[in-house]
Peer 1: 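Okay, here's the structure, questions in a sec.
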Amino acid sequence: MLKIKNGNDTTFVRLIADEKGNITEERGRRNQVDLPVIYYYYDADNRLTDIVRYNLKAQRLLPDNIFEYGEGNRLASMLVVPEGSSDYQKWLYGYNEKGLKIKESCFNKRNELLGKIEYQYSFK
């Protein structure tokens with residue numbers, strides 16, 4: 001895969017899949033330099049649970065994203081940890097009886113609402 005930013009900054013990305021076809025590693029190279037490997041983890045139902053990379057400051061693998069699922073195998077929440085930060089954002093998702101997303105709410109680690117999106121659908 002090629003990831004092109006601003007039309008001229010190209011990163012070459014190699015995606016590695018497991019025997020189930022799930023992407024488990026992302027290996028990038030830009031300007032002849034290897035980028036940190038990004039790892040993808042899945043649960044027994046092949047749902048993405050974590051996106052992880054090595055953190056130099058912590059000297060260990062730490063998650064960038066953590067996903068949780070709820071009723072109907074729908075995404076219930078996503079935790080986003082900005083690189084190099086001790087803060088995080090937690091996104092919560094709500095769905096209607098038809099399984100359509102009706103709400104996204106974003107909170108910081110102090111559980112303060114940062115923003116929300118509400119969806120409405122009309123069927124003709």
Side-chain angles (χ1 to χ4, degrees):
M1 175 175 79
L2 295 177
K3 183 178 175 182
I4 302 171
K5 188 175 180 180
N6 296 326
N8 61 6
D9 185 13
T10 302
T11 302
F12 297 88
V13 179
R14 185 168 52 111
L15 302 172
I16 300 169
D18 65 12
E19 65 280 352
K20 297 176 184 175
N22 296 321
I23 300 300
T24 57
E25 293 182 22
E26 180 179 318
R27 296 182 175 266
R29 186 168 178 82
R30 182 176 54 234
N31 297 326
Q32 308 300 323
V33 175
D34 289 330
L35 301 174
V37 178
I38 300 171
Y39 299 96
Y40 297 83
Y41 295 96
Y42 301 84
D43 64 14
D45 295 321
N46 293 315
R47 299 176 301 191
L48 183 63
T49 58
D50 303 88
I51 301 174
V52 176
R53 75 175 79 213
Y54 187 78
N55 182 295
L56 287 173
K57 185 176 180 181
Q59 296 286 303
R60 62 189 172 113
L61 290 171
L62 290 176
D64 289 339
N65 302 84
I66 300 172
F67 304 94
E68 294 178 335
Y69 299 87
E71 186 180 321
N73 279 333
R74 294 184 195 102
L75 184 62
S77 70
M78 175 179 64
L79 191 74
V80 180
V81 183
E83 190 174 356
S85 174
S86 63
D87 206 356
Y88 61 81
Q89 297 174 347
K90 184 159 188 173
W91 287 84
L92 301 176
Y93 303 98
Y95 301 87
N96 68 14
E97 64 283 347
K98 294 183 179 187
L100 298 172
K101 190 185 307 177
I102 57 170
K103 188 174 182 180
E104 298 181 32
S105 302
C106 181
F107 298 87
N108 63 18
K109 79 182 208 178
R110 292 169 299 287
N111 207 30
E112 299 166 329
L113 180 65
L114 300 176
K116 67 180 177 178
I117 303 168
E118 293 183 359
Y119 300 88
Q120 292 182 353
Y121 302 92
S122 61
F123 301 95
K124 296 180 181 187

Peer 1: Provide the closest heavy-atom pair for Ala76 versus Gly70 in the form atom of the first, atom of the second, distance.
Peer 2: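 Nearest heavy atoms, Ala76 then Gly70: CB-N, 3.8 Å.
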Peer 1: Identify whether Ile23 and Leu75 are in the same connected component of the hydrophobic contact network (ILVMFWY, side-chain heavy atoms under 4.5 Å).
Peer 2: yes
Peer 1: Taking C-beta and beyond as the side chain, do Leu15 and Glu25 meet within less than 4.5 Å on heavy atoms?
Peer 2: no
Peer 1: Run the side-chain contact (heavy atoms from CB on, under 4.5 Å) test on Leu79 and Gln89 for me, step by step, so that the C-alpha distance in whole Å, both residues' side-chain angles and the decisive distance to 0.1 Å come before the verdict.
Peer 2: CA-CA 6 Å; Leu79 191 74; Gln89 297 174 347; over 6 Å; no
Peer 1: Going by atom type alone, with no hydrogens or angles, which donor-acceptor pairs under 3.5 Å involve a side-chain atom of residues 33-40 and a protein atom two or more places apart or on another chain?
Peer 2:
unit_1: Asp34; atom_1: OD1; unit_2: Arg29; atom_2: NH1; d: 2.7
unit_1: Tyr40; atom_1: OH; unit_2: Glu26; atom_2: OE1; d: 2.4

Peer 1: Is it possible for you to say whether Tyr42 and Phe67 belong to one hydrophobic cluster, with membership spreading through side-chain heavy-atom contacts below 4.5 Å?
Peer 2: yes
Peer 1: Is there a path of hydrophobic side-chain contacts, each under 4.5 Å between heavy atoms of I/L/V/M/F/W/Y residues, joining Leu56 to Leu61?
Peer 2: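 Shared cluster, yes.
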Peer 1: Count the heavy atoms of every other residue, nucleotide or ligand shown that sit under 6.0 Å from CD of Gln59, and state whether that count exceeds 12.
Peer 2: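 Check passes, neighbour count above 12.
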Peer 1: Can you see which heavy atom on Tyr88 is nearest to which on Pro82, and at what distance?
Peer 2: CA-CD, 4.2 Å
Peer 1: Would you say the side-chain atoms of Tyr69 pair up with the backbone N or O of Leu48, donor to acceptor, closer than 3.5 Å?
Peer 2: yes
Peer 1: Could you go through Leu114 and Asn108, starting from their C-alpha distance and side-chain angles, then the distance that decides it, and tell me whether this counts as side-chain contact (heavy atoms from CB on, under 4.5 Å)?
Peer 2: CA-CA 7 Å; Leu114 300 176; Asn108 63 18; 3.9 Å; yes
Peer 1: May I ask whether Tyr54 and Tyr41 are part of the same hydrophobic cluster, defined by side-chain heavy atoms of I, L, V, M, F, W, Y residues being less than 4.5 angstrom apart, directly or through others?
Peer 2: yes
Peer 1: Any donor-acceptor pair under 3.5 Å linking the side chain of Thr10 with the backbone of Ile4?
Peer 2: no
Peer 1: Test question: given the 4.5 Å side-chain rule for I, L, V, M, F, W and Y, name all other residues clustered with Leu113, or answer none.
Peer 2: Leu92, Phe107
Peer 1: Given Asp87 and Arg110, is the side-chain contact (heavy atoms from CB on, under 4.5 Å) satisfied, shown in steps?
Peer 2: CA-CA 9 Å; Asp87 206 356; Arg110 292 169 299 287; 4.3 Å; yes
Peer 1: With sequence neighbours left out, what residues match Asp45 under side chain to side chain donor-acceptor pair (under 3.5 Å)?
Peer 2: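 For Asp45 there are no side chain to side chain donor-acceptor pair (under 3.5 Å) partners, ignoring immediate neighbours.
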Peer 1: Sequence neighbours excluded, which residues qualify as side chain to side chain donor-acceptor pair (under 3.5 Å) partners of Asn46?
Peer 2: Asn22
Peer 1: Do Lys90 and Cys106 have side chains that get closer than 4.5 Å, going by heavy atoms?
Peer 2: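 Lys90 does not reach Cys106 side chain to side chain.
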Peer 1: Are any of the side-chain heavy atoms of Arg53 and Leu62 separated by less than 4.5 Å?
Peer 2: no
Peer 1: Please answer whether the main-chain N or O of Val52 pairs with a side-chain N or O of Asp50 as donor and acceptor at a distance below 3.5 Å.
Peer 2: no
Peer 1: Can you give me every donor-acceptor pair (side chain of residues 117-124, partner residue at least two apart or in another chain, under 3.5 Å) with its distance?
Peer 2:
unit_1: Glu118; atom_1: OE2; unit_2: Lys116; atom_2: NZ; d: 3.4
unit_1: Tyr119; atom_1: OH; unit_2: Glu104; atom_2: OE2; d: 2.4
unit_1: Tyr121; atom_1: OH; unit_2: Lys101; atom_2: O; d: 2.6

Peer 1: Would Arg47 and Asn73 count as having a side-chain donor-acceptor pair, cut-off 3.5 Å?
Peer 2: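 Distance-only check passes for Arg47 and Asn73.
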Peer 1: Before giving the answer on side-chain contact (heavy atoms from CB on, under 4.5 Å), spell out for Ile66 and Met78 the whole-Å C-alpha distance, their side-chain angles and the decisive distance to 0.1 Å.
Peer 2: CA-CA 6 Å; Ile66 300 172; Met78 175 179 64; over 6 Å; no
Peer 1: Apply side chain to side chain donor-acceptor pair (under 3.5 Å) to Asp18 and list each qualifying residue two or more places apart in sequence or on a separate chain.
Peer 2: none
